[in-house]
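Chain letters run A, B, ... following the sequence lines, proteins first and then strands; every chain starts at 1.
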2 protein chains.
Amino acid sequence: MGIADDAVEIRAQGWRTLAAVHGIIETALEKALQREHGLSVVEFTVLDALSRQDGWHMRMQQLARAAALSASATTRLVTRLENRGLLTRILCADDRRGIYTELTPAGRALLEQARPLHDEVLRTTLDEAREIPELAGLAGFVGSVAATG
Amino acid sequence: MGIADDAVEIRAQGWRTLAAVHGIIETALEKALQREHGLSVVEFTVLDALSRQDGWHMRMQQLARAAALSASATTRLVTRLENRGLLTRILCADDRRGIYTELTPAGRALLEQARPLHDEVLRTTLDEAREIPELAGLAGFVGSVAATG
DNA sequence: ATCAATAAGACGCGTGTGCAACTAATGCAG
DNA sequence: CTGCATTAGTTGCACACGCGTCTTATTGAT
């Protein structure tokens, strides 16, 4: 068992840890946001992405990348949110193939209502993860070290 | 904006980064494993979990926790793998409600065949993630620092 | 003027998922 | 031993997703 095999095992272990922490947070977020605000995690993510693009509009493809969704899933998701009056589609003037999406006041309001719960869940689940030895390192990293961005 | 608000923003940013890296890896793994070995990521995860429990059997619930799945998803996943002859259900003698699962030789063989690809995808996607400024920190952490476990 | 490429939508299909309702086995209280 | 809450696992139902394919509108190069 040489150095290469160690690296393989470290990556595998790292991925398992990453998946575990991700799963814990996502499940907790899903339940809480669904229960209190009727939002799924992806829906919140999309609204959040749009809100942080303030002043700018996002095209469907950017949205798809931001939420890690396929094109068709993005279409359907935007349609759902549009039907609920949380965002609007806007044809863009310079390239009329493109479609921008923009938060409506209602969407922005719902997002702001949901933010506190979102952060609370994040905080408590990260704290819980820190209690579990295998997850403590990553949970600490995610919760404390600013992602270099 | 005080210290508390900073912490909120750091957590949110950390979660976005975590979700992004997770999504990249999972998508790449899914495509590669599906294409080459007809396995989904969860299926690989379950087989891997079972193989690392060598000598011991796992109950459905443990499996569910290990793969971050619900009970019902676990039932169906095990059924699929059982139908493909990759694992077997074993009623346990002492508590006849409980069900153990065990890899078959075929399951173990398929797992070993798939491992090299699994690691290769892990390695290349982590390398790619390191090239993206916002993800570099986390990708480096996952790929290099042994998860404390 | 033509034709390939691109952005997005529509739609059917198969699949995986969570929830809630259900069955069966266990174990504890009286 | 009888009743009853608890636990393990399964199943019916509805829904979101990815994929593939087709369609439409627009752009840009020849």
Side-chain angles (χ1 to χ4, degrees), chain A residues 19 22-36 38-47 57-84 86-102, chain B residues 19 22-35 38-47 57-84 87-102:
Chain A
H22 181 271
I24 291 172
I25 296 176
E26 173 144 60
T27 304
L29 271 182
E30 187 75 41
K31 285 184 186 167
L33 288 176
Q34 196 64 256
R35 175 167 38 82
E36 299 292 330
L39 283 174
S40 71
V41 174
V42 243
E43 288 166 350
F44 181 94
T45 302
V46 165
L47 296 183
H57 305 291
M58 284 184 95
R59 298 172 76 119
M60 298 295 286
Q61 287 188 328
Q62 301 176 280
L63 214 50
R65 277 204 314 122
L69 289 178
S70 70
S72 67
T74 307
T75 293
R76 282 187 271 249
L77 179 52
V78 167
T79 303
R80 281 201 302 276
L81 294 175
E82 191 180 27
N83 289 339
R84 288 172 61 182
L86 301 177
L87 56 79
T88 54
R89 281 181 164 94
I90 303 178
L91 293 169
C92 79
D94 48 323
D95 181 349
R96 294 198 338 227
R97 295 170 304 184
I99 293 187
Y100 291 142
T101 48
E102 198 180 51
Chain B
H22 180 271
I24 290 171
I25 297 176
E26 173 144 62
T27 304
L29 271 182
E30 187 76 42
K31 286 183 184 169
L33 288 176
Q34 195 64 255
R35 175 167 37 82
L39 283 173
S40 71
V41 174
V42 245
E43 288 167 349
F44 181 94
T45 303
V46 164
L47 296 182
H57 304 291
M58 285 185 92
R59 297 175 77 117
M60 299 294 285
Q61 287 190 327
Q62 303 175 278
L63 216 50
R65 276 205 315 122
L69 290 177
S70 69
S72 68
T74 306
T75 292
R76 284 185 265 251
L77 179 52
V78 167
T79 303
R80 282 200 300 277
L81 294 175
E82 191 180 29
N83 289 341
R84 288 173 60 182
L87 55 78
T88 54
R89 280 185 165 91
I90 303 178
L91 293 169
C92 79
D94 49 321
D95 180 350
R96 291 191 349 225
R97 295 169 303 181
I99 292 187
Y100 291 141
T101 49
E102 197 181 49

Subject >> Protein-nucleotide distance (A:Phe44, atom CZ; D:dA16, atom C1'), rounded to Å >> reply: 20 Å
Subject >> Nearest-angstrom distance from the residue atom CD of B:Glu26 to C1' of C:dT17 >> reply: 13 Å
**OP:** Specify the separation, in whole Å, of atom CZ of A:Arg65 and atom P of C:dA7.
**Re:** 12 Å
Subject >> Distance-minimising heavy-atom pair for A:Gln62 and A:Arg59 >> reply: OE1-N, 2.8 Å
Original post:
At under 4.0 Å between heavy atoms, what does B:Leu77 touch on the DNA or RNA strands: base, sugar-phosphate, or nothing?
Top reply: nothing
Original post:
Can a donor-acceptor pair under 3.5 Å be found between the side-chain atoms of B:Arg76 and the base atoms of D:dG12?
Top reply: yes
Original post:
Please give, in whole Å, the distance from C:dT15 C1' to B:Leu81 CG?
Top reply: 14 Å
Original post:
When rounded to the nearest 0.5 angstrom, what is the spacing between CE in B:Met60 and OG1 in B:Thr101?
Top reply: 7.0 Å
**OP:** Whole angstrom is fine here: how far is it from CD1 in A:Ile99 over to C1' in D:dT24?
**Re:** 11 Å
Original post:
Rounded to the nearest 0.5 Å, how far does CG of B:Leu69 lie from OG1 of B:Thr74?
Top reply: 4.5 Å
**OP:** Nearest-nucleotide wise, let me know which of B:Arg97 and A:Gln61 is further upstream toward the 5' end of DNA chain C.
**Re:** A:Gln61
Original post:
How many angstroms lie between atom CD1 of A:Ile99 and atom CE of A:Met58, to the nearest 0.5 angstrom?
Top reply: 14.5 Å
**OP:** Ignoring the backbone of B:Ala73, work out which of C:dG18, C:dA8, D:dC17 is nearest its side chain.
**Re:** C:dG18
Original post:
Taking atom P of D:dG9 as reference, at what distance in whole Å does atom CZ of B:Arg89 sit?
Top reply: 10 Å
**OP:** Specify the closest pair of heavy atoms between A:Leu33 and A:Val41, including all atoms of both residues, with the distance to one decimal.
**Re:** CD1-CA, 4.5 Å
Subject >> Atom-to-atom span, CG of B:Leu33 to C1' of C:dG16 - whole angstrom >> reply: 17 Å
Original post:
So does A:Arg96 get a side-chain nitrogen or oxygen closer than 4.0 Å to the phosphate oxygens (OP1/OP2) of D:dA25?
Top reply: no
Subject >> B:Ser72 (side chain) and C:dC19 (base): donor-acceptor pair under 3.5 Å >> reply: yes
Original post:
When you check the phosphate oxygens OP1 and OP2 of C:dA8, does a side-chain N or O of A:Arg59 lie under 4.0 Å from one of them?
Top reply: yes
Subject >> Given D:dA16, D:dT11, C:dG9, the nucleotide with the shortest approach to the side chain of A:Thr75 >> reply: C:dG9
Original post:
Which comes earlier along DNA chain D counting from the 5' end, the contact point of A:Glu43 or that of B:Tyr100, where each point is its nearest nucleotide?
Top reply: B:Tyr100
Original post:
What is the distance from CZ of A:Arg80 to P of C:dG9, rounded to the nearest Å?
Top reply: 14 Å
